[in-house]
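Just below is one structure, and these are the notes that go with it.
Within every chain, numbering begins at 1; the chains are lettered A, B, ... in the order of the sequence lines, protein sequences first and strands thereafter. Every value quoted in this text rests on a predicted model; they were computed, and no experiment measured them.
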Protein chains: 4
Amino acid sequence: MNRHELILRAARTCMIEKGFHNASIKNIAACANVSAGLIYRYFENKDSIIEALVSDIVNNMKSHMDDKPRRDENQPLDIFQTSDFFADLQDNIFMLMDIASAATRNPRYKKLVVQAHNALQDDIVRREKQQHPEMDESIIRTRHYVITLLLDGVIVQCGRKGYVIDDELRQMINAIVHKLIHAK
Amino acid sequence: MNRHELILRAARTCMIEKGFHNASIKNIAACANVSAGLIYRYFENKDSIIEALVSDIVNNMKSHMDDKPRRDENQPLDIFQTSDFFADLQDNIFMLMDIASAATRNPRYKKLVVQAHNALQDDIVRREKQQHPEMDESIIRTRHYVITLLLDGVIVQCGRKGYVIDDELRQMINAIVHKLIHAK
Amino acid sequence: MNRHELILRAARTCMIEKGFHNASIKNIAACANVSAGLIYRYFENKDSIIEALVSDIVNNMKSHMDDKPRRDENQPLDIFQTSDFFADLQDNIFMLMDIASAATRNPRYKKLVVQAHNALQDDIVRREKQQHPEMDESIIRTRHYVITLLLDGVIVQCGRKGYVIDDELRQMINAIVHKLIHAK
Amino acid sequence: MNRHELILRAARTCMIEKGFHNASIKNIAACANVSAGLIYRYFENKDSIIEALVSDIVNNMKSHMDDKPRRDENQPLDIFQTSDFFADLQDNIFMLMDIASAATRNPRYKKLVVQAHNALQDDIVRREKQQHPEMDESIIRTRHYVITLLLDGVIVQCGRKGYVIDDELRQMINAIVHKLIHAK
DNA sequence: TATGAATGAGCATTCATTCAT
DNA sequence: AATGAATGAATGCTCATTCAT
């Protein structure tokens with residue numbers, strides 16, 4: 001694995017473990033089995049490590065959505081199976097919490113997060129329109145928005161509860177989204 | 001106002017303004033018009049200030065709900081008016097973001113937050129049962145859970161977007177919750 | 001001695017010994033028998049220590065010139081005795097070298113040094129005019145300018161030779177300045 | 001051009017531009033279109049680059065004086081034209097400031113500078129004696145010494161004022177030296 | 001010979017915490 | 001009880017120097 005990737009993974013590990021503010025460059029370096037100075041050969045500063053980390057998550061999400069065939073429309077809905085990025089989401093929860101929190105105060109992070117959010121939203125809406133050409137875009141957008149809120153809520157709850165999306169939670173959300181979609 | 005309270009308020013102010021990690025003890029002391037050293041007579045360390053702060057928010061929410069009469073069932077639904085703690089929520093968003101994030105890593109915060117969450121949920125469910133004695137408890141719980149998810153989602157979105165619960169957002173959520181409730 | 005003064009003296013000592021760039025905050029702290037952190041209670045940053053140091057030197061020079069009675073006009077000229085600041089100058093040579101050098105690139109230092117220089121020059125010219133009311137100001141200025149050049153030259157030479165203004169050097173300069181003054 | 005020379009020139013360029021302490025090995029390497037590591041094949045360390053640089057300047061001065069025919073004795077005196085190394089001096093001022101400063105602390109630099117100074121002085125005196133065989137050597141030495149002081153003073157002033165030897169400064173110095181020479 | 005990745009000591013600065021007063 | 005001077009460990013970052021290739 002190349003150094004860039006190596007450091008990024010180490011950073012991810014540290015930040016998941018210790019949180020955004022408490023993962024020091026030295027922590028990351030140690031975790032990557034690399035000297036502290038080397039990190040600055042690959043990243044301009046700590047901020048740009050975060051930036052890369054966020055970009056990675058976003059790209060990961062996008063590629064998940066692009067690669068996998070869409071679910072059979074007749075199958076019972078399972079957004080955790082459907083949106084495959086949920087496999088990763090579990091891992092990313094810690095970071096996303098911190099990043100969302102940091103984005104509250106740091107304009108650079110905020111921009112990143114908002115861009116990522118918009119990019120994902122556009123992507124999702126585009127897909128839905130392909131699948132349901134007859135449906136009004138505003139309805140799609142609204143529906144997506146609700147799902148987004150729910151997912152963000154799930155993330156927060158996961159952080160709160162114990163970091164696991166268990167079956168109970170999974171089924172509950174599915175039911176809600178299902179109802180939500182068919183109510184419209 | 002006693003010193004304990006005074007310091008806590010100052011801490012709240014600072015943390016809302018500067019965020020969890022960037023509010024220093026000195027900031028708080030200055031804001032409370034108190035010496036930095038004195039803070040350690042009332043709190044063991046910085047963490048326990050935060051702990052107290054979280055407790056405060058939780059208690060605040062509880063008391064809000066206890067004090068205020070419930071809305072007229074025939075009024076159009078507005079959860080931001082209904083759940084009165086939303087008046088505070090706006091102010092607390094910054095802190096809640098940080099706290100949710102910190103709770104991810106700090107078991108003491110987590111315990112606090114989870115307890116609070118459960119207490120609130122029980123409280124709400126109890127009330128709803130009073131109002132809708134005929135309704136199945138599991139439905140009430142589910143409904144509450146969804147609303148919780150949505151609210152957490154709103155908090156995250158607010159952090160992301162620009163810290164304001166504007167009318168558009170407000171109406172959208174209201175519509176969703178309304179639909180949600182009547183769909184069941 | 002108060003801490004401010006104490007730290008300043010330590011800084012002076014370190015910078016004389018190790019030079020401007022190589023005197024670290026830790027060096028200074030150790031030399032002052034003080035923790036590194038404490039320095040920042042008394043000075044905003046390293047730069048402002050320098051600033052204070054330069055100001056000190058300038059003020060020292062000025063007060064030397066103000067306090068002491070002027071030489072007897074009939075005595076043989078000895079600028080090293082006359083301008084009493086030369087007692088200090090010896091000590092200050094190292095620092096002045098470094099500062100002049102740093103001023104080459106750092107606009108803030110340059111401003112300081114230039115201001116100091118102008119202040120001293122004005123002071124000297126004013127005095128000379130008192131002593132020689134009949135003399136043309138431009139002549140006084142020119143004469144002072146030459147002396148300044150010579151003194152700066154002496155400083156550099158001292159740095160080069162071995163840090164001592166020995167008798168040979170002293171007499172030589174005196175003779176030159178003497179001739180210079182009487183040639184006009 | 002051989003590597004040694006190439007690196008040395010790059011070092012000179014960087015140090016003139018950024019100053020003694022702020023010119024990094026990497027800067028120099030980049031400026032020489034050479035890898036950072038290679039520099040250590042030609043120089044033991046950063047200090048010895050500087051040492052070589054000082055030597056170069058000194059040699060340059062010497063060769064300037066050797067190569068060029070002396071001015072016509074009847075021409076009006078212009079030491080900036082006369083002493084041809086003044087063409088370079090302008091460029092070298094930055095470095096000379098730093099070097100003079102560094103020489104204060106570093107014995108190796110000091111030795112170099114003192115030797116150079118003596119060599120130059122001897123060289124100049126020898127020439128002057130050829131031109132003015134009737135003049136007392138001590139007078140020549142003294143005169144040269146004063147000029148040296150003035151030039152060093154000029155260097156310092158240049159650093160202080162704004163790095164340019166402008167016409168005013170030039171004429172003033174010339175007048176002084178002229179008077180100085182004819183007063184004797 | 002030449003590279004540039006890698007090291008690690010060092011720097012200025014911050015801040016939670018302690019403690020003499 | 002209250003102060004705020006003092007501490008010192010920790011942080012992000014730089015850079016001269018080394019060394020495997």
Discussion item. Enumerate the salt bridge (Lys or Arg N to Asp or Glu O under 4.0 Å) contacts for residues 33-52 of chain C, please, sequence neighbours excluded, ordered by first and then second residue.
Written reply: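 The answer is Glu51(C)-Arg108(C).
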Worksheet item: Who are the side-chain hydrogen bond (donor to acceptor under 3.5 Å, both in side chains) partners of Asn45(D), not counting sequence neighbours?
Response: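 Here the qualifying residues are Ser48(D).
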Discussion item. Taking side-chain hydrogen bond (donor to acceptor under 3.5 Å, both in side chains) as the definition, give me every residue that meets it alongside Ser55(D), ordered by chain and number, with sequence neighbours left out.
Written reply: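 Not a single residue meets the side-chain hydrogen bond (donor to acceptor under 3.5 Å, both in side chains) criterion with Ser55(D).
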Worksheet item: ring-ring contact (aromatic ring centres under 6.0 Å, His included): which pairs involve residues 23-44 of chain B, sequence neighbours left out?
Response: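 ring-ring contact (aromatic ring centres under 6.0 Å, His included) check on residues 23-44 of chain B returns His4(B)-Phe43(B).
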Measure [atom1]/[X] against [atom2]/[N] and give the value in whole Å, please.
X	N	atom1	atom2	answer
Arg41(C)	dG8(F)	CZ	C1'	14 Å
Asn22(C)	dC15(F)	CG	P	14 Å
Tyr40(B)	dA1(F)	OH	P	17 Å

Worksheet item: Mind checking what makes side-chain contact (heavy atoms from CB on, under 4.5 Å) contact with Asn22(D), not counting sequence neighbours?
Response: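 With neighbours one apart ignored, the set is Lys18(D).
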Worksheet item: Does DNA chain F take part in any stems of at least 3 consecutive Watson-Crick or G-U pairs (both distances under 3.5 Å), and if so, which ones?
Response: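 The stems are E:2-21 with F:2-21.
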Practice prompt. Check each residue of residues 43-50 of chain B for a non-hydrogen atom within less than 4.0 Å of any atom in DNA chain E, then write out the ones that pass by number, or none.
Written response: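 Going residue by residue through residues 43-50 of chain B, the ones with a heavy atom under 4.0 Å of DNA chain E turn out to be Asn45(B), Lys46(B).
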Worksheet entry | salt bridge (Lys or Arg N to Asp or Glu O under 4.0 Å) involving Arg9(D) - partner list, sequence neighbours excluded |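 Salt bridge (Lys or Arg N to Asp or Glu O under 4.0 Å) list for Arg9(D), sorted by chain: Glu5(D).
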Discussion item. Can you pull out the residues from residues 25-37 of chain B that lie within a 4.0 Å heavy-atom distance of DNA chain F?
Written reply: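 Correct list: Ser35(B), Gly37(B).
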Discussion item. Strictly by side chain to side chain donor-acceptor pair (under 3.5 Å), give each pair with a member in residues 27-39 of chain B just once, sequence neighbours left out.
Written reply: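 Checked against side chain to side chain donor-acceptor pair (under 3.5 Å) - neighbours excluded - the pairs reaching residues 27-39 of chain B are Ser24(B)-Asn27(B).
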Discussion item. For a 4.0 angstrom threshold against heavy atoms of chain C, report the outermost contacting nucleotides of DNA chain E in 5' to 3' order.
Written reply: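 First-to-last contact on DNA chain E, by the 4.0 Å heavy-atom rule, is dC11(E) to dT14(E).
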Worksheet item: Of Ala23(A) and Leu38(B), whose closest DNA chain F nucleotide lies nearer the 5' terminus?
Response: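 Whichever sits nearer the 5' end wins; that is Leu38(B).
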